[in-house]
Amino acid sequence: MASVSGPAQTASASAPPLQRGIVKMVLSGCAIIVRGQPRGGPPPERQINLSNIRAGALARRAAQGQPESKDTPDEPWAFQAREFLRKKLIGKEVCFTVEYKNMHREYGMVYLGKDTTGENIAESLVSEGLATVRREGFRGNNPEQARLCDLEDQSKASKKGLWSEGGGAQTIRNIKYTIENPRNFVDSLHQKPINAIIEHVRDGSVVRALLLPDYYLVTVMLSGIKCPTFKREADGTETPEPFAAEARFFTESRLLQRDVQIILESCPNQIILGTILHPNGNITELLLKEGFARCVDWSMAVYTQGAEKLRAAERSAKERKVRIWKDYVAPTANLDQKDRQFVAKEKNKDKDKRFRPLYDIPYMFEAREFLRKKLIGKKVNVTVDYIRAATGPGEGTPAFPERTCATVTIGGINIAEALVSKGLATVIRYRQDDDQRSSHYDELLAAEARAIKNGKGLHSKKEVPIHRVADISGETQKAKQFLPFLQRAGRSEAVVEYVFSGSRLKLYMPKETCLITFLLAGIECPRSSRNTPGGMQVAEPFSDEAMLFTKELVLQREVEVEVESMDKAGNFIGWLHIEGVNLSVALVENALSKVHFTAERSAYYKTLVAAEEGCRQRKEKIWANYEEKPVEEVVHLSEEKERVANYKPVYVTEITDTLHFYAQDVETGSQLESLMETMRAEIAAQPPVEGSYSPRRGDYCIAKFADGEWYRARVEKVESPAKVHVFYIDYGNREVVSSTRLAPIPPAFSTRTLPVQATEYTFAFIQVPQDEDARADVVDCVVRDIQNTQCLLNVEYSGATCPHVTIQFGDTKEDVGLGLVKEGLVMVDVRKEKHLQKMVSEERRCDAGDASSHC
């Protein structure tokens, strides 16, 4: 390895030459890495081992890919010896002599300072009891060895370090190389600074840190930036990107083995993002300012020290064209001064306004509206004039894909000529030898001349029309203020600007001059594929067909909307009508959506249910695999007929405080068990990413219950990410959980595969006590008697919210409700139906008998 520095001029001819360097890293209590001064790049470096002494070996992690290897712990006092040298030497200038070499290792004496009058590092270690003297081959005429032996004897006598009582077991660290759940670990620290030592620098923006005092060894990526990296080739070698080595040295020279504080800010996809705080400055800002890094948007959002500082630092490096920005060309560099500043007045007025071409480019909105009203949904004639080949990026010009250029006519009118004549477009000028032009080029030039003469549109001397369109998509506060106005307005006119999915659209409200995100009410449409922190979420069946149906029916059409409510993200929910067609109903009629339970309170509920029932019977599209659940026929008996008892076996899973209960059909129990077993096996093989799911009211999902198992559930209410109310659809119980315990339900296990298994019932012929204590006694009795047991159930009559039933014990066939009456816990609810009089009379006799027994 190259020498760190040349021999000092004062070194004698017989003595080993004295060399100088700066300590980059302390490998152990008896080995350091010394580097030279940087000259045009990272400097040379060499490892120096202290001669004549030995310090304990530090802990080492088991080799990756070798199952038989094991982690090696610290030797006693090894870490203390390393820390003694680290605090004393890191970043300091030292001088050293190389006395001999052995197996490519250099051994010598190291002194703190510029000459041998400085502190002898080996002697300091031995005197503190942190290293032992190698006495093999001891030469009595060597004063350095003799001095070390004397210091060791003194240390032994003083019982320092290695020579202290107890063997030093308390000095061995318990290093944690892995963290079972990094996201929870980061969240538990609440973005508070934690003390750490930087143990390794992988590249300029990725380090390995030892967190104190618990000795977690973690890899941390700096939030908000990315430095050039080292690409690993197939043969194992690393190829640095431009300035990768310089960026790593920049970070190493300032942070390696320094005491720092780290704010762990986030953990997306098992990558820990953080900011390193050092008394001398923020390394993130310094890397950007010196041109060693660039800002990255995906992690900038979690940066806690002010993103504007990072943007300013990057901007400074771009302006100075340093390092990775040496060839940087500003976006406006090729524009004339006049073109650069033509919107200066507007910039001062709306400094933070986002640029939207459709509304901000003069006459672009008018041109789009002209074409939309003329062409959307109409039959046109297209004549292809030429195909312009794809072009690569040139100087000041972007790349363009291959383009088919054509003349479009409708009713004999050339649309391009109409646009130009109204001053909403200009004609492109070509070279004389360029024949790739419109077949009606001369007519276009004539139309432009007329528009210029008449001062139409772009050629007008009047003030340019301004479109102040407020985009309140996702703006919760603005949406809340706007909601009452839209609700009172009834049906409002709108134009569909974009279709995100079958039931999610972006609308332009011309009267209100605003853009809103609109969700169709009353339906549950298949979800399209989308990117989530846990990866790409697979599209549900028929989601693309639903989106295509909606696009063909309403995209860029004029529609009417009725806004009913809004969700927490600032999206409006309601009904959309086009030419008398309700889009929600149309999707259900075409078997591309299901009716959502929230439709029950709307005027369109009956229409939706009828449409859904027809598709379900025909088993079309989303209902193709639907299997109708056996339903007990409700027999409408005339007054002359007797009550029909048709008891079926059920398994009672939950009793509510209002004396309602949930039960599963025993006949479908095996299907549920099979589904749960398969679902849990799939989840175990591919666990969901914790925290990646954003619950919405009415969503079907999977939830992790207190027993650690996953169950199917429905979101009933979202108070906050930490408080989500869920209903377990197969068991009937409810729970408030954190969103981290929720995940999207895999399509193979949705309610389309197996319907909801828990059905709600209540007792027939019984009055529920109004007194809370009395009602609690009844509930306790019922829970004790029938919860989690198999019973026999018969539907007696329907109720407002659920069927009223009689239920019998599975073994004795005794009526549970009758037993409650006999025990005096409830009163009989008298029914007027003749066919139920026999049952009512029997319960009233029990009620009377119970009363007499209490007299």
Side-chain angles (χ1 to χ4, degrees), residues 356 358-359 364-380 410 467-475 478-479 482-526 528 543-567 569-596 598-599 602-605 607-608 611:
R356 296 170 299 175
L358 181 62
Y359 306 106
M364 187 172 182
F365 180 77
E366 285 78 6
R368 197 288 300 266
E369 283 299 280
F370 176 83
L371 291 183
R372 184 184 68 79
K373 293 176 180 177
K374 279 277 186 186
L375 302 181
I376 285 294
K378 307 289 178 57
K379 184 178 180 180
V380 298
I410 179 171
H467 300 282
R468 293 186 173 88
V469 179
D471 189 349
I472 58 177
S473 301
E475 296 281 349
K478 290 182 180 178
F482 203 50
L483 177 63
F485 176 81
L486 288 178
Q487 288 173 325
R488 289 194 301 269
R491 289 200 180 192
S492 303
E493 294 179 354
V495 176
V496 178
E497 291 282 1
Y498 191 79
V499 175
F500 299 102
S501 67
S503 60
R504 183 185 181 92
L505 311 96
K506 191 163 193 173
L507 306 182
Y508 169 66
M509 312 286 286
K511 187 177 179 181
E512 296 79 12
T513 60
C514 68
L515 291 166
I516 66 171
T517 300
F518 189 81
L519 309 180
L520 295 180
I523 62 171
E524 182 182 354
C525 220
S528 305
S543 60
D544 292 338
E545 288 85 343
M547 182 165 68
L548 183 61
F549 177 88
T550 300
K551 277 186 176 180
E552 290 180 348
L553 189 62
V554 302
L555 182 59
Q556 290 201 334
R557 308 288 182 95
E558 294 174 1
V559 298
E560 289 184 325
V561 293
E562 297 175 74
V563 175
E564 286 192 344
S565 60
M566 61 170 280
D567 64 14
N571 305 314
F572 294 98
I573 304 170
W575 308 92
L576 185 145
H577 307 269
I578 177 167
E579 298 176 352
V581 176
N582 184 323
L583 182 55
S584 298
V585 175
L587 283 163
V588 174
E589 285 177 340
N590 285 271
L592 293 172
S593 184
K594 297 171 67 177
V595 178
H596 196 261
T598 53
S602 76
Y604 307 103
Y605 180 60
T607 308
L608 288 168

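Residue numbers count from 1 along this sequence.
- The two atoms that bring L515 and V469 nearest to each other are CG-CG1, 3.9 Å, heavy atoms only.
- Across every non-hydrogen atom of L592 and P526, the tightest pair is O-CD, 3.1 Å.
- The shortest non-hydrogen separation linking A599 to L608 is CB-CD1, 3.8 Å.
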Under the criterion side-chain contact (heavy atoms from CB on, under 4.5 Å), I'd like the reasoning laid out for V595 against Y605: C-alpha separation, chi angles, the key distance, then a yes or no.
CA-CA 8 Å; V595 178; Y605 180 60; 4.3 Å; yes
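- Expressed to the nearest 0.5 Å, how far CG of L486 lies from CD of E564 amounts to 12.5 Å.
- L507 has its side chain within reach of L576: a pair of non-hydrogen atoms, C-beta onward, lies under 4.5 Å apart.
- Looking at heavy atoms from C-beta onward, L583 lies in side-chain contact with F549 at the 4.5 angstrom threshold.
- A distance of 9.0 Å separates CG of L505 from CG of L555, quoted to the nearest 0.5 Å.
- With sequence neighbours excluded, no residue forms a side-chain hydrogen bond (donor to acceptor under 3.5 Å, both in side chains) with E475.
- Using a 4.5 Å cut-off on side-chain heavy atoms (C-beta onward), V563 and F518 make contact.
- With 3.5 Å as the limit, one finds no donor-acceptor pair spanning the side chains of E369 and Y508.
- For the side-chain hydrogen bond (donor to acceptor under 3.5 Å, both in side chains) condition, the pairs that include at least one residue of residues 544-558, sequence neighbours left out, are R372-E558.
- Here the side chains of I472 and F572 are in contact, with some heavy-atom distance below 4.5 Å.
- Once rounded to the nearest 0.5 Å, the distance linking NZ of K506 with CD of E497 reads 8.5 Å.
- Taken to the nearest 0.5 Å, the OG1 atom of T513 stands 10.0 Å off from the CZ atom of R468.
- Sorted pairs that involve residues 582-592 and meet side-chain hydrogen bond (donor to acceptor under 3.5 Å, both in side chains), not counting sequence neighbours, are lacking altogether.
- By the 4.5 Å heavy-atom criterion applied to side chains, L520 and C525 are not counted as neighbours.
- Across G502 and L587, no two heavy atoms sit closer than the pair O-CD1, 3.5 Å.
- Relative orientation of the H467 and F365 rings is tilted, given thresholds of 30° and 60° on the angle between their planes.
- Going from atom CE of M509 over to atom CZ of F485 covers 8.5 Å, rounded to the nearest 0.5 Å.
- Summarising the geometry of F482 relative to C514, their closest heavy-atom pair is CE2-SG, 3.5 Å, with the distance given to 0.1 Å.
- Atoms CG and CZ, on N571 and F500 in that order, are 9.0 Å from each other to the nearest 0.5 Å.
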